[in-house]
**Student:** 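Can you read through this structure? Questions will come right after.
All heavy atoms count here, side chains included; hydrogens, waters and symmetry mates do not.
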Amino acid sequence: QVQLVEAGGGLVQAGGSLSLSCTASGRSFSNNAMAWFRQAPGKEREFVATISWNGVYTYYADSVKGRFTIARDKAKNMVFLLMNSLKPEDTAVYYCAARAQIGGSYYYTGLDEYDYWGRGTQVTVSS
């Protein structure tokens, strides 16, 4: 059974930092694109960041560019989201996602382009 499990969420003051991790099990995603999405209360789930299957390419939503960094550890089947200069509008449940396809293009930003999802971790940024 494939599972993606997020960790690292919590409560932080505006301007602070948090690091999220996602651990995959049940199959290897070392050659699959992975991503982070988020969903704020009353809003649709939105793209945050993605990393290509080889780790060479990353792509970010404009709202987080320059503040967030996505990274992966292929050997450990993990992906990370390093979040700096957090703002109250970053408050959301953050989800890890992975594609079933091995390899692929530079980046994928659509919800329907990902096949596996974690249950999410809550990030709350207080003002």
**Student:** Can R119 and E6 be counted as an ion pair, charged N to O under 4.0 angstrom?
**Tutor:** no
**Student:** Do the side chains of R72 and M34 get nearer than 4.5 Å, heavy atoms only?
**Tutor:** yes
**Student:** Going hydrophobic residue to hydrophobic residue with side-chain gaps under 4.5 angstrom, can you get from Y59 over to Y57?
**Tutor:** yes
**Student:** I'd like to check R45 versus R38 (side-chain heavy atoms, cut-off strictly below 4.5 Å). Are they in contact?
**Tutor:** no
**Student:** Over all heavy atoms of both residues, which pair between N54 and S52 is shortest? Give the atoms and the distance, please.
**Tutor:** OD1-OG, 2.6 Å
**Student:** How long is the straight-line distance from CG of D90 back to CZ of R67, given to the nearest 0.5 Å?
**Tutor:** 4.0 Å
**Student:** For the residue pair N32 and A100, what are the closest heavy atoms and their distance?
**Tutor:** ND2-O, 3.1 Å
**Student:** Among L81, T121, V123, which residue satisfies the side-chain contact (heavy atoms from CB on, under 4.5 Å) criterion with L18?
**Tutor:** V123
**Student:** Does a side-chain heavy-atom distance below 4.5 Å link F29 with V79?
**Tutor:** no
**Student:** Identify the heavy atoms of P88 and A14 that sit nearest to each other, and give their distance.
**Tutor:** CD-CB, 4.1 Å
**Student:** Would you say the rings of F37 and Y95 are close, in the sense that their centroids are separated by under 6.0 Å?
**Tutor:** no
**Student:** Can you find a side-chain donor-acceptor pair between T91 and E89 that sits under 3.5 Å?
**Tutor:** no
**Student:** Please find the pair of heavy atoms, one from A92 and one from A40, that lie closest to each other, and give the distance.
**Tutor:** CB-N, 3.8 Å
**Student:** So, taking the atom named CH2 in W53 and the one named CD in Q101, what distance separates them when rounded to the nearest 0.5 Å?
**Tutor:** 11.0 Å
**Student:** Side-chain contact, heavy-atom cut-off 4.5 Å: T124 with V12?
**Tutor:** no
**Student:** Look up atom NZ in K76 and atom OG in S21, then write down how far apart they are to the nearest 0.5 Å.
**Tutor:** 10.5 Å
**Student:** Measuring only between side-chain heavy atoms, which start at C-beta, is M83 closer than 4.5 Å to V64?
**Tutor:** no
**Student:** May I ask you to test the W36-L20 pair for a side-chain heavy-atom distance under 4.5 Å?
**Tutor:** yes
**Student:** If you round to the nearest 0.5 Å, how far is OG of S25 from CG of N77?
**Tutor:** 8.0 Å
**Student:** Hey, could you give me each pair passing side chain to side chain donor-acceptor pair (under 3.5 Å) that has a residue in residues 103-118? Not counting sequence neighbours.
**Tutor:** T50-Y114
**Student:** Can you tell if the side chain of V48 reaches within under 4.5 Å of the side chain of F68, non-hydrogen atoms only?
**Tutor:** yes
**Student:** Where is the tightest heavy-atom contact between C22 and L4, given as atom of each residue plus distance?
**Tutor:** SG-CB, 4.0 Å
**Student:** Decide, yes or no, whether a salt bridge links K65 with D62 under the criterion of side-chain N to carboxylate O below 4.0 Å.
**Tutor:** yes
**Student:** Hey, what do you get for CG (N84) to OG1 (T69), rounding to the nearest 0.5 Å?
**Tutor:** 6.5 Å
**Student:** Answer yes or no: is there a side-chain heavy-atom contact under 4.5 Å between I70 and F80?
**Tutor:** no
